[in-house]
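Taking it in order: structure first as structure tokens, then the write-up.
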Amino acid sequence: MNFFTTSLRENPELALFLTLALGFVVGRFSIGSFKLGNVVGTLLAGLLIGQLGIDVPPIVKAVFFDLFLFATGYKVGPQFFRGLGKSALPQVALAVVVCVTCLLTAYLTAKIFGFDAGIAAGMMAGAFGDSAIIGTASNAITRLNLPPDETKRLLNNLPMAYAVTYLVGTTLSVWFLTTMGPRLLRADVAAESKKMEEELGGGVERDDGPVPAYREWDFRAYRLKEDWAGRSVGDLEKSFAPERVFVERVRQDGHVVDAEPATVLSSGGAVALVARRRVVSKGVAVGSEIDDRELLDFPVTNVNVVVTNKSIVNRTIEELAKEYGRAVALRRLVRGGEEIPFEPRTRVNRGDLLELAGPQEDVERASKALGYVQGDTTATDIVFLGLGITIGGLLGLLSVTVGGVPITLTTSGGALIMGLVFGWLRSMYPTFGGIPEAALWLFDTLGLAVFIGVVGLAAAPSFLDGLRRAGLTLLLVGALLAVIPFLVALLFGTYVLKMNPVLLMGATAGAGTSTPALRAVQDVAQSKVPVLGYTVPYAIAAIIMAAWGPVIVMLIH
């Protein structure tokens, strides 16, 4: 045992890796549908292992926190800048109201109960479920020019308050939004979602399980009736209007050729049709179905296309389908990292990811018109990443003095801001700056976990004492901080913004930067529709809440 303890003390990297391993195991524990999660699990593991007296160099915490914040900005950058447009103003307003309410509630309760800056920032981070506040508040505390012992006390109070308020905050916010929310809105969320799904047509996937065997679009071969001889492929396609049906290939005179709208059909010819299954499942009037392998033996493909073409931005899917979508199906629309339901009237934004499927030539043609085909590369653009964090950090070091207190973004805040800018640049010019999803997950998840782990290891010796002094009071305050912002959001969204209740609940989860709340709302709605209101508020709130760390420290101090 002495060997183990000494080894961890003399080699803090081993203690950190042990903290991560144990933390991710603890994070899997669940109570009903509620999971502790990796962040809380790692913090608890750090507090436990830190009782051995582990000293991790501060630079480790700073490096990984910068990676986390840059990745956060990179992910939400396109949606953040889109949120500055007029069409998203209601969702932006909701996010701002929620964030301001959270800050004011934290400030007032901290003043009433006499909490210091460390506890105030920690309880706001925990109750609101936003771990980034811990990092930005920590940086602000170190710049207060306090005696070393006082600085250490405030820094140790941060994770203590976070750990106490996170569990009650996350649980109550999910419960309030899914149980009390529908009652306050006087709405049947499931029924409203079903109504929206019907309007959205086939653009809603209800499950995230295995890939379904059913395919909405199908390929069939037909022997044409004689009365189609001498008429064109375009005439044949128009005969199915308003349904979208396309002739991909034609067999005539013993040869198979690719079809164009002007191609003239001959007597006894056959065609390969591309159509929705519901259109062809009961047979079609143009002819009888045949089994012609050669006619149907053409390559089909799926590609992911990032929308970059200025001329198509803000146009509807229906408009784009008519102009570029011959024989091409839209399978998924991903915005801000979330797959969203769509309908013919859904407008396309710059930076949206469209999954297109169909015959290879048609998909390639449509992809070139829409934007940039996203490849399967696993390489991260390290030049892009390194320059982004460096430039952001240098900008973050600039400061202004307000009331005798120097205000600065810090290097971490600068990394977040530059992540926003670089993420937006990537959506505009996707030929450079690529960070694969797996790498982004690593920066996001591991970056935050290492940071929280180091915080837990450092705070461990004084954690229990702080918990004894403020634990019960923090539970009460955490409950207030979790419920009040969501209550204000639902009332403001209903009576001021007049938002649809389903979209309002999704937007409230986004403004609370709470993915667990979004998943819970989707469960209640039995649908993915709430995600339509989630992405813009999440992007705006993620930035504002990270900025609240230094603000709450300055207000309380």
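The shown structure was predicted, so the numbers you read here are calculated from the model rather than taken from an experiment.
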Which atom names give the shortest non-hydrogen contact between [X] and [Y], and what distance separates them?
X: F65; Y: S412; result: CD2-OG, 3.3 Å
X: A140; Y: P550; result: CB-CA, 3.7 Å
X: I133; Y: A125; result: CB-CB, 3.7 Å
X: F128; Y: C102; result: CD1-SG, 3.5 Å
X: L47; Y: G456; result: CD2-O, 3.5 Å
X: T165; Y: G478; result: CG2-CA, 4.0 Å

pair [X]-[Y]: side-chain heavy atoms closer than 4.5 Å:
X: T170; Y: V40; result: no
X: F115; Y: I556; result: no
X: C99; Y: M545; result: yes
X: T494; Y: M499; result: no
X: I141; Y: L158; result: yes
X: T105; Y: V477; result: no
X: M180; Y: W175; result: yes
X: L67; Y: L385; result: yes

Worked verdict on D381 versus I435 for side-chain contact (heavy atoms from CB on, under 4.5 Å): CA-CA 6 Å; D381 189 338; I435 303 179; 5.7 Å; no
So does [Y] get a backbone contact from the side chain of [X], meaning a donor-acceptor N/O pair under 3.5 Å?
X: T19; Y: G453; result: no
X: T5; Y: N2; result: no
X: T445; Y: L442; result: no
X: T142; Y: N139; result: yes
X: N11; Y: S7; result: yes
X: N157; Y: G118; result: no
X: Q51; Y: A460; result: yes
X: N349; Y: D352; result: no
X: T380; Y: I382; result: no

Evaluation steps, side-chain contact (heavy atoms from CB on, under 4.5 Å), between T42 and L448: CA-CA 10 Å; T42 303; L448 181 58; over 6 Å; no
Output field: ring centroids F384/F422 closer than 6.0 Å: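 For F384 and F422, the ring centres are under 6.0 Å apart.
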Working for side-chain contact (heavy atoms from CB on, under 4.5 Å), residues M418 and I389: CA-CA 7 Å; M418 202 51 59; I389 295 178; over 6 Å; no
Between Y166 and S131, a side-chain donor and acceptor under 3.5 Å: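 No donor-acceptor contact under 3.5 Å links the two side chains.
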With rounding to the nearest 0.5 angstrom, report the [atom1] to [atom2] distance, [X] to [Y].
X: L18; Y: I54; atom1: CG; atom2: CD1; result: 9.0 Å
X: L518; Y: T178; atom1: CG; atom2: OG1; result: 12.0 Å
X: E192; Y: M505; atom1: CD; atom2: CE; result: 11.5 Å
X: L172; Y: L177; atom1: CG; atom2: CG; result: 12.0 Å
X: L532; Y: R335; atom1: CG; atom2: CZ; result: 8.0 Å
X: L52; Y: T6; atom1: CG; atom2: OG1; result: 10.0 Å

Derivation and outcome, side-chain contact (heavy atoms from CB on, under 4.5 Å), residues I552 and Y107: CA-CA 7 Å; I552 189 68; Y107 172 73; 4.2 Å; yes
Greater than 12 external heavy atoms within 6.0 Å of D188's CG: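 Correct, the count exceeds 12.
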Note: D55-R9 ion pair, threshold 4.0 Å (strictly below):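 Here D55 does not pair with R9 in a salt bridge, since their nearest N and O are not under 4.0 Å apart.
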